[in-house]
Amino acid sequence: MTTATTTHVATLADLAALEGQPLGTSSWIDIPQQRIDTFADATDDHQWIHVDPERARAESPFGGPIAHGYLTLSLIIPMWDEILTVDSVTMAVNYGLNKVRFTNPVPAEGRVRLSATLQSVEQLPKGGVQVTVAGQIELEGSERPAVVVEAVYRFFE
């Protein structure tokens, strides 16, 4: 099992030097059927390609049940926390997503991890910085990522 590679800086001012640089890769996260079922219950999305393994194996073009795209995307939160640490940050917020593409289905029992590159760092008018990050949620055993995402975060000291 691969462990996370983390970028660690002391202050927000240190981020500017990292523009255009890879920040790291999270550790793998397992996607068991139980996690898919729990997500289906939380979101009321019980489409059979996610929650009916027998039917998915028999009828789905994916050969079995797959995780919801939004389940895979939501895991960016714990994976991102492993990639970048800024000691001086007292508050961080997810500001939004500029782009999301679900490029490869994640099968039940699959594993995913996040790799991220810092695209830009912008000073905010009332303090703090906004960072834009290019990320790929990789699917173990596949050359094609499960999700390609451009995420925006705001950090405050």
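All figures in this text were calculated on a predicted structure; none of them were measured in a lab.
Closest approach of R57 and G63 over heavy atoms only: CG-O, 3.6 Å. Of all the heavy atoms in S60 and G64, the pair that sits closest is OG-O, 3.9 Å. The minimum heavy-atom distance linking E138 with W28 is given by the pair O-CZ3, 3.8 Å.
For the residue pair E157 and S88, a side-chain donor N or O sits within less than 3.5 Å of a side-chain acceptor on the partner. A donor and an acceptor atom, one from each side chain of D41 and H46, are located under 3.5 Å apart.
Side-chain atoms of H68 come within 3.5 Å of backbone N or O of D45 as a donor-acceptor pair. Using modelled atom types, no side-chain atom of D14 and backbone atom of V9 make a donor-acceptor pair closer than 3.5 Å.
When side chains are defined from C-beta on, V100 does not count as touching V148, because their heavy atoms never get closer than 4.5 Å. By the 4.5 Å heavy-atom criterion applied to side chains, S115 and L23 are not counted as neighbours. With a 4.5 Å cut-off on side-chain heavy atoms, Y95 and Q130 count as touching. Side-chain atoms of T117 and V133, non-hydrogen and from C-beta on, never get closer than 4.5 Å to each other. Within the 4.5 Å cutoff, no side-chain heavy atoms of E109 are placed close to those of I31. Side-chain contact check for L97 versus L73: some heavy-atom pair is nearer than 4.5 Å. A 4.5 Å side-chain heavy-atom check between V106 and I66 finds every atom pair outside the cut-off. With a 4.5 Å cut-off on side-chain heavy atoms, I137 and P145 do not count as touching.
Connection of V51 to I49 is not established within any shared hydrophobic cluster, with ILVMFWY side chains joined at heavy-atom distances below 4.5 Å, either directly or through further cluster members. Residues W48 and F62 are members of one and the same hydrophobic cluster, defined by side-chain heavy-atom contacts under 4.5 angstrom among Ile, Leu, Val, Met, Phe, Trp and Tyr. Both I76 and V89 are part of a single hydrophobic cluster, where members link through side-chain heavy atoms under 4.5 Å apart. Under the 4.5 Å side-chain heavy-atom criterion for ILVMFWY residues, a single connected hydrophobic cluster contains both L139 and I29. Under a hydrophobic-cluster definition in which Ile, Leu, Val, Met, Phe, Trp and Tyr are linked whenever side-chain heavy atoms come within less than 4.5 Å, directly or via other members, F156 and V129 are assigned to different clusters.
Taking CD from E140 and CZ from R111, the interatomic distance works out to 4.0 Å, rounded to the nearest 0.5 Å. A distance of 10.0 Å separates CD of Q136 from OG1 of T25, quoted to the nearest 0.5 Å. Expressed to the nearest 0.5 Å, how far CG of L114 lies from OG1 of T72 amounts to 12.0 Å. Atom OG in S120 sits 12.5 Å away from atom CG in L18 (nearest 0.5 Å). Interatomic distance, R113 CZ to L75 CG, rounded to the nearest 0.5 Å: 15.0 Å. With rounding to the nearest 0.5 angstrom, the CD atom of Q119 is 13.0 Å from the CD atom of Q21.
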Residue pair T132, E150: steps toward the side-chain contact (heavy atoms from CB on, under 4.5 Å) verdict:
CA-CA 7 Å; T132 303; E150 187 177 272; 3.6 Å; yes

Stepwise, does the side-chain contact (heavy atoms from CB on, under 4.5 Å) test hold for V131 with L118?
CA-CA 7 Å; V131 298; L118 184 59; 3.7 Å; yes

Given the rule in the side-chain contact (heavy atoms from CB on, under 4.5 Å) test, do R154 and L124 qualify, once you have shown the distances and angles that lead to the verdict?
CA-CA 9 Å; R154 287 189 167 182; L124 296 172; 3.6 Å; yes

Given F155 and L15, is the side-chain contact (heavy atoms from CB on, under 4.5 Å) satisfied, shown in steps?
CA-CA 11 Å; F155 298 135; L15 289 174; 4.1 Å; yes

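Here the two rings, on F102 and Y70, have centers that are under 6.0 Å apart.
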Side-chain donor-acceptor pairs under 3.5 Å in residues 77-87, sequence neighbours left out?
unit_1, atom_1, unit_2, atom_2, d
E82, OE1, S27, N, 2.6
E82, OE1, S27, OG, 2.9
E82, OE2, S27, OG, 2.9
D87, OD1, H8, NE2, 2.7
D87, OD2, H8, NE2, 3.0

